[in-house]
Amino acid sequence: MNQTRPIEIIGGGLAGLSLGLALRRAAVPVTLFEAGGYPRHRVCGEFITGLADATVERLGLGPLLDDALLHHEVAWFFDGRLTRRQRLPSPARALSRHRLDARLAQALVAAGGTLHTHARAERDADTEGIIFASGRRRGSAQWLGLKIHAHRLPLHCDLELHLGAESYIGLTQVEEGRVNISGLFRRRELSAKGPALLLAYLRAANLGSLADRLTGANFDETSLSAVAAVDFDQHVPDTGRLALGDACAMIPPFTGNGMAMAFQSAELALGPLVTYANNAASWRETTTAIQSALQQRFRTRLAAADWLHPFLLQPPRQRWLTRLARARLLPLRPLYSVLH
Ligand SMILES: Cc1cc2nc3c(=O)[nH]c(=O)nc-3n(C[C@H](O)[C@H](O)[C@H](O)COP(=O)(O)OP(=O)(O)OC[C@H]3O[C@@H](n4cnc5c(N)ncnc54)[C@H](O)[C@@H]3O)c2cc1C
């Protein structure tokens with residue numbers, strides 16, 4: 001009888017870990033290489049929208065997401081003023097990456113996966129049985145992502161989304177009374193450090209009233225994270241390496257859908273990879289099947305997000321958006337469904 005073929009995964013974020021876990025549950029041998037360690041804070045809004053229960057179930061993530069907070073409403077702020085409240089068509093989950101990634105890593109090991117942390121791996125794109133779940137590809141240096149947690153910071157809504165000059169920032173509650181503050185900013189030469197850097201970015205983006213509100217907040221300085229050279233791809237590549245999650249395509253953060261896409265890409269890859277591992281398909285057939293499923297699932301969503309993104313970042317277009325929102329002419333529900 002043929003032996004089960006092993007799978008190697010490069011990158012232990014949500015895509016890599018959830019895929020590894022699901023493959024182990026299907027008795028496929030899995031080795032995962034992660035450049036960093038667990039637990040650790042990451043730049044992320046930690047607000048998961050559009051993740052269906054069926055995906056959670058197929059990937060066996062239920063117990064790991066059990067205590068995620070469920071959020072129902074988003075409040076949009078422009079010029080420091082609350083412009084529109086939006087009820088989400090389905091609740092979003094909120095849980096810190098510090099907790100979620102560490103839990104997934106533990107579950108992978110408990111399920112018999114081999115996990116190498118602090119192990120950066122490089123492989124040829126066309127090597128059989130290799131999955132690249134190594135996160136975003138480096139882009140131009142114009143955008144910077146920043147994130148920090150604060151303790152017991154009162155919020156106006158489940159998620160506050162503040163639009164500033166070439167920037168936006170979200171505030172949402174995660175576990176243990178923590179509020180995650182995470183934003184995308186046009187990169188500037190600012191000399192501040194620690195939480196003061198975030199406040200300086202807010203002021204530079206005309207978000208002074210939010211900066212005033214956060215001054216003196218009880219920040220967890222160990223959670224401060226930054227990521228430079230964030231870029232967004234509108235296309236799922238159809239050749240070369242088999243990439244999942246952000247390594248495949250990165251959707252702009254305002255959608256709150258990048259984490260769900262990481263899980264969904266693992267879900268789409270799972271069936272073909274199990275077939276491959278059981279010697280019932282070649283690697284070429286497997287990658288072709290997965291890439292075409294990824295394209296079908298994400299193409300429209302990525303194109304719509306790419307089209308909308310400038311409306312969140314550029315003040316003249318933000319003004320249009322705000323007018324439409326105030327007049328209740330913004331079709332939030334249809335927009336939500338095309339972006340998820
Ligand atoms: C500012 C900002 C806010 C965001 N807010 C949200 C939000 O609110 N909701 C949401 O759903 N999404 C959000 N996102 C997007 C979300 O964080 C990503 O889509 C998600 O983390 C993708 O998961 P992933 O597993 O593909 O990649 P990652 O989580 O980035 O994991 C990739 C892993 O690969 C490892 N790695 C890389 N190269 C190698 C190598 N050669 N060898 C070994 N390991 C390697 C890295 O160390 C990393 O751990 C946000 C993004 C930004 C920038």
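Whatever order the structure lists them in is the order used to number ligands and atoms, beginning at 1.
Relative to atom 53 (C) of ligand 1, the option among M259, M250, R136 with the closest non-hydrogen atom is M250. Across C44, A15, S225, heavy-atom proximity to atom 17 (O) of ligand 1 is greatest for C44. Looking at M261, R97, R40 and measuring to atom 21 (O) of ligand 1, the nearest heavy atom belongs to R97. Distances from atom 25 (O) of ligand 1 to the heavy atoms of I169, N257, L14 put L14 nearest. Of the options R120, K147, R123, the smallest heavy-atom separation from atom 39 (C) of ligand 1 is shown by R120. With Y168, F47, F33 as candidates, the residue nearest to atom 7 (C) of ligand 1 on a non-hydrogen basis is F47.
There is a path of hydrophobic side-chain contacts, each under 4.5 Å, that joins V109 to Y38. Following chains of ILVMFWY side-chain contacts shorter than 4.5 Å, one can reach L88 starting from W76, so the two form part of one hydrophobic cluster.
Among H156, Q86, R85, the single residue meeting the side chain to side chain donor-acceptor pair (under 3.5 Å) criterion with E73 is R85.
Among all protein heavy atoms, the one lying closest to atom 27 (O) of ligand 1 is G135 CA, 3.5 Å. When hydrogens are left out, the protein atom nearest atom 49 (O) of ligand 1 is R42 NH2, 2.5 Å; that is the closest non-hydrogen contact. Counting protein heavy atoms only, atom 5 (N) of ligand 1 is closest to G45 N, 2.7 Å. Remark: minimum distance from atom 23 (O) of ligand 1 to any protein heavy atom is reached at A262 CB, 3.7 Å. The single protein non-hydrogen atom nearest to atom 35 (C) of ligand 1 is E34 OE1, 3.2 Å, given as residue, atom name and distance. The single protein non-hydrogen atom nearest to atom 52 (C) of ligand 1 is P253 CG, 3.7 Å, given as residue, atom name and distance. Protein heavy atom in closest approach to atom 42 (N) of ligand 1: A121 N, 3.0 Å.
Residue A260 has no N or O atom closer than 3.5 Å to an N or O atom of ligand 1. Of the polar atoms of D246, at least one N or O is found under 3.5 Å from an N or O of ligand 1, judged by distance alone. Considering backbone and side-chain N/O atoms, G145 never comes within less than 3.5 Å of an N/O atom of ligand 1.
Under the 6.0 Å cut-off for aromatic ring centres, H41 and H149 qualify, their centroids lying closer than that. Taking the centre of each ring, H309 and Y168 come in below the 6.0 Å mark.
Under the 3.5 Å distance criterion, with hydrogens and angles disregarded, a donor-acceptor pair is assigned to the side chains of E160 and H162.
Around atom CZ of R188, more than 12 heavy atoms belonging to other residues, nucleotides or ligands sit under 6.0 Å away. When the shell of 6.0 Å around CD of E175 is examined, it contains more than 12 heavy atoms from other residues, nucleotides or ligands.
Salt bridge annotation for D124-R241: absent, with no cationic side-chain nitrogen under 4.0 angstrom from a carboxylate oxygen. In this structure, D220 pairs ionically with R178, as a charged nitrogen and a carboxylate oxygen lie closer than 4.0 Å.
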